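Below, chain A is the first sequence line, B the second, and so on; all start at residue 1. These numbers were taken from a predicted model, which means no experiment stands behind them.
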There are 2 protein chains.
Amino acid sequence: MRQHITIKDIARIAGVSTSTVSRALSNSPELSEQTRQRILEICRREGYRVNALARSLICNKTNVIGLIVPEMTNPFYAELSLGIETHARSLGYNVILCNGQNDAKVTEELFGFLISHQVDGIILASSQQDAGTMIQKLAPRLPAVLLGTPALVSGDEVNSVCIDNLAGGRLAAEHLLELGHRDIVYLGNRPNSLTHQLRLRGFTEMMEKAGITPQVIDNPHGCSSIDIGCALSRKLFANGCSATAIFASTDSMALGVLQAADEYGISIPEDISLLGFDNIIYSALPKIELSTVDQRKQLLAEATVDLLTRIIDSDEQDEFTHRMIRPTLVSRSSCRASKK
Amino acid sequence: MRQHITIKDIARIAGVSTSTVSRALSNSPELSEQTRQRILEICRREGYRVNALARSLICNKTNVIGLIVPEMTNPFYAELSLGIETHARSLGYNVILCNGQNDAKVTEELFGFLISHQVDGIILASSQQDAGTMIQKLAPRLPAVLLGTPALVSGDEVNSVCIDNLAGGRLAAEHLLELGHRDIVYLGNRPNSLTHQLRLRGFTEMMEKAGITPQVIDNPHGCSSIDIGCALSRKLFANGCSATAIFASTDSMALGVLQAADEYGISIPEDISLLGFDNIIYSALPKIELSTVDQRKQLLAEATVDLLTRIIDSDEQDEFTHRMIRPTLVSRSSCRASKK
DNA sequence: CTGAAAGCGCTTACAG
DNA sequence: CTGAAAGCGCTTACAG
């Protein structure tokens, strides 16, 4: 860090006190317009920039929100981050974007980093079971919102925003049932993720109403990805798969299914229909054309930021809010009517 | 921001001065091991966390690097960011990741934000012509590295790291020539991007050696994307396209070409071969299988962070370094031998 | 080995 | 309308 020009330098040049410079900068009303303009002009000329560290230290407010996402390379989180950052900026907040790398230890360090830097609030995007507990433990007094997992269900005392995964699972089931599928695989259930359990429950409940018990394949890893989806599908296809449709727990997993299907000479949707969850941009590619459940990232992002800033402003910590967004089904060409 | 526990509180509890607590925390040698342990234990118990604002203010060092990328939703930058963050963390630096949103005004604001927050250095990832000038103007005294554009060529007094785009263009040309293509389109040249001009020059020079003049289609937008690639290709295909191969300026653009080709009933690679540039993860998808020039993001990321931290440590500002990484060709199935 | 004091760059009551 | 003074939470010479 090089020595910057300070308020003291400006004061000396202008022949006033540092208090006056400070007042000019913060648009304090108790100051003659003439003095203010003269000082601001000097600041401009000298390239003065307020030291946010010093200002925040004294104001006890940084106007910075910390955002932790589990992985930046997953386009779902990339798109979500963009929405959060844009909306936060429009409300006067800057966002420090942190990459948890799907690692509890890294995530814990990031909490420490953010708290040390006195952020006004934290958003933790996660579908991990213990995400709510993590917030409670690591940032007990800080305004925080859990994004992607319903804290209401987990019983943690934290605020949360997520889509209605139960409804999402139902939507998926309805779509496949309408297309006449009866032999169906749910691929990639993560037993340690509340989000994924709800997704699965909505799906199986709707299926069972139709007298169908889908085959469920668990994903033992802590995250979803193309590679994991591919590995699980290979195992499925290697043993001979009778199913006419696969519901993948996320779009990334579905992309992995596509890859494995390709290797095994299985055509999608000719041989097997494939349905995803998230609606990342790559699902819309012409060669992919993945039918999927849309998480409505824009709505999620705005609801999360709105909630967090409200908590920050209200200074209220005895009450917790849970907001759920309704998902929608996006039908493309990876699902078609069952021939059986 | 809620009131945190401070060094003063710890001092009171431990019955020592704040100086002693500070020394215990910073592992100062001039302190009895017993006292240190006792104080650290109290800090742990009370959940004390140093106020990074205050510490940085006094140390004149934040151990924070600012990273500005043009768009987070482009997987190339998402992957690059991940590499930068990981490597920086291993060197003791935290990264504030900022999304320039392909907007000069937003980018300028981000510079202000980062400088105000006293970052030790800035990385600007950009392929915009004026990126070097921007650094010079907005952060004249701050350690900075331009990533993705060769400042050496633009003549700006800034450090830079990028791949050898000239060589990348040549690699692309060689690959298509070897496959027997002679009627070739370069799609998506950005006249305002030095990076893209070099890429084009390497490509056309190699082509002209073989007596071929490729058709060049400009991208008038300030960035590359699936949508832009698709729009440009639609125009190309609508007018009837005789080319046997298309070299897209980036993988995102190539994905757009795939989409347009699909709409016009053009098969890739059967009718037209397609070559990209970047090697984003989605290019490896089975249904995509895009041949491309690899930017070697990991090497780029490490070289950039190493250079920046060296500048920060050295306090040297009279000398500028430019590092170039050699690209490689990744041959998948979107390119095949020309039938003509 | 430990403490009192000064100071990082800023803001804001408190006087005048 | 303007300035002197105190203070945000910390670190670090300077004494002892």
Side-chain angles (χ1 to χ4, degrees), chain A residues 1-40 42-43 46-64 112-113 115-120 141, chain B residues 1-40 42-43 46-64 112-113 115-120 141:
Chain A
M1 212 150 64
R2 305 306 185 268
Q3 68 288 14
H4 295 264
I5 179 163
T6 74
I7 215 175
K8 233 180 189 166
D9 301 311
I10 301 294
R12 191 169 22 73
I13 296 171
V16 296
S17 71
T18 57
S19 323
T20 303
V21 177
S22 175
R23 287 192 187 101
L25 287 167
S26 58
N27 287 315
S28 156
E30 37 169 338
L31 191 63
S32 78
E33 195 49 33
Q34 201 191 340
T35 323
R36 152 167 304 121
Q37 286 310 329
R38 195 166 62 82
I39 294 175
L40 289 182
I42 294 174
C43 288
E46 303 291 327
Y48 169 78
R49 251 177 189 136
V50 69
N51 184 326
L53 266 39
R55 174 179 280 178
S56 296
L57 190 56
I58 206 135
C59 294
N60 209 30
K61 169 118 206 225
T62 54
N63 285 309
V64 173
F113 170 73
I115 294 174
S116 265
H117 284 77
Q118 315 295 116
V119 292
D120 294 333
R141 233 164 286 151
Chain B
M1 212 149 63
R2 305 308 187 267
Q3 67 289 12
H4 295 265
I5 178 165
T6 74
I7 215 176
K8 233 180 189 165
D9 301 312
I10 301 293
R12 191 168 23 74
I13 296 171
V16 296
S17 72
T18 57
S19 325
T20 303
V21 177
S22 174
R23 287 193 187 100
L25 288 168
S26 58
N27 287 316
S28 157
E30 38 169 338
L31 191 63
S32 76
E33 195 49 32
Q34 198 193 342
T35 324
R36 153 167 303 121
Q37 287 310 329
R38 195 168 59 83
I39 293 175
L40 288 182
I42 295 175
C43 288
E46 303 290 327
Y48 170 78
R49 251 175 189 138
V50 69
N51 183 326
L53 267 37
R55 173 179 280 177
S56 297
L57 190 57
I58 206 135
C59 294
N60 210 30
K61 168 115 207 227
T62 53
N63 285 309
V64 173
F113 170 73
I115 294 174
S116 266
H117 284 77
Q118 316 295 115
V119 292
D120 294 333
R141 231 164 286 150

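Taken residue by residue, residues 12-22 of chain B places heavy atoms nearer than 4.0 Å to DNA chain D at S19(B), S22(B).
Within a 6.0 Å sphere centred on CD of Q34(B), heavy atoms belonging to other residues, nucleotides or ligands number 12 at most.
For R23(B), the listed nucleotide lying nearest its side chain is dC14(D); candidates were dC14(D), dC10(C), dC10(D). For C59(A), the listed nucleotide lying nearest its side chain is dT11(C); candidates were dC10(C), dG9(D), dT11(C).
To the nearest 0.5 angstrom, E33(B) atom CD is 8.5 Å from L40(B) atom CG. In this structure, OG1 on T6(A) lies 11.0 Å from NE2 on H4(A), to the nearest 0.5 angstrom. Distance check: I5(B) CD1 to E46(B) CD gives 4.5 Å after rounding to the nearest 0.5 Å.
N60(A) places its CG atom 12 Å from the P atom of dC10(D), with the value rounded to the nearest Å. In this structure, N51(B) atom CG and dT11(D) atom C1' are separated by 13 Å, rounded to whole Å. Remark: C1' of dT2(D) and CD of Q34(A) are 14 Å apart, rounded to the nearest angstrom. In this structure, the CD1 atom of I7(A) is 12 Å from the C1' atom of dT12(C), given to the nearest Å. Rounded to an integer number of Å, the gap from I39(B) CD1 to dG3(C) C1' is 12 Å. Atom P of nucleotide dT11(C) and atom CD1 of I10(A) are separated by 13 Å, given to the nearest angstrom. Rounded to whole Å, the distance from CG on L53(B) to P on dC10(C) is 13 Å. Atom CZ of R55(A) and atom C1' of dC10(C) are 8 Å apart (whole Å).
Phosphate contact (OP1/OP2 of dT11(D), side-chain N/O of S26(B), threshold under 4.0 Å): absent. Checking the phosphate oxygens (OP1, OP2) of dG9(C), no side-chain nitrogen or oxygen of Y48(A) falls inside 4.0 Å. Between S32(B) and dT2(C), a side-chain N or O to OP1/OP2 separation shorter than 4.0 Å is present.
Between the side chain of S116(B) and the main chain of V50(A), a donor-acceptor pair closer than 3.5 Å is present. At distances below 3.5 Å, not a single donor-acceptor pair connects side-chain atoms of T62(B) with backbone N or O atoms of S56(B).
Position along DNA chain D of the nearest nucleotide to T35(A) versus A54(A) favours T35(A) as the more 5'-ward residue.
No donor-acceptor contact under 3.5 angstrom links the side chains of S22(A) and S19(A), judged on distance only.
A donor and an acceptor atom never sit less than 3.5 Å apart when one is taken from the side chain of R49(A) and the other from the base of dG9(C).
Counting heavy atoms from C-beta outward, R23(B) and T35(B) have side chains that stay 4.5 Å or more apart. Proximity of I42(B) to Y48(B): side-chain heavy atoms (C-beta onward) are nowhere separated by under 4.5 Å. Counting heavy atoms from C-beta outward, V64(A) and F113(B) have side chains that approach closer than 4.5 Å.
Among the duplex regions that DNA chain D forms, those built from at least three successive Watson-Crick or G-U pairs under 3.5 Å are C:1-3 with D:14-16, C:5-12 with D:5-12, C:14-16 with D:1-3, ordered by first number.
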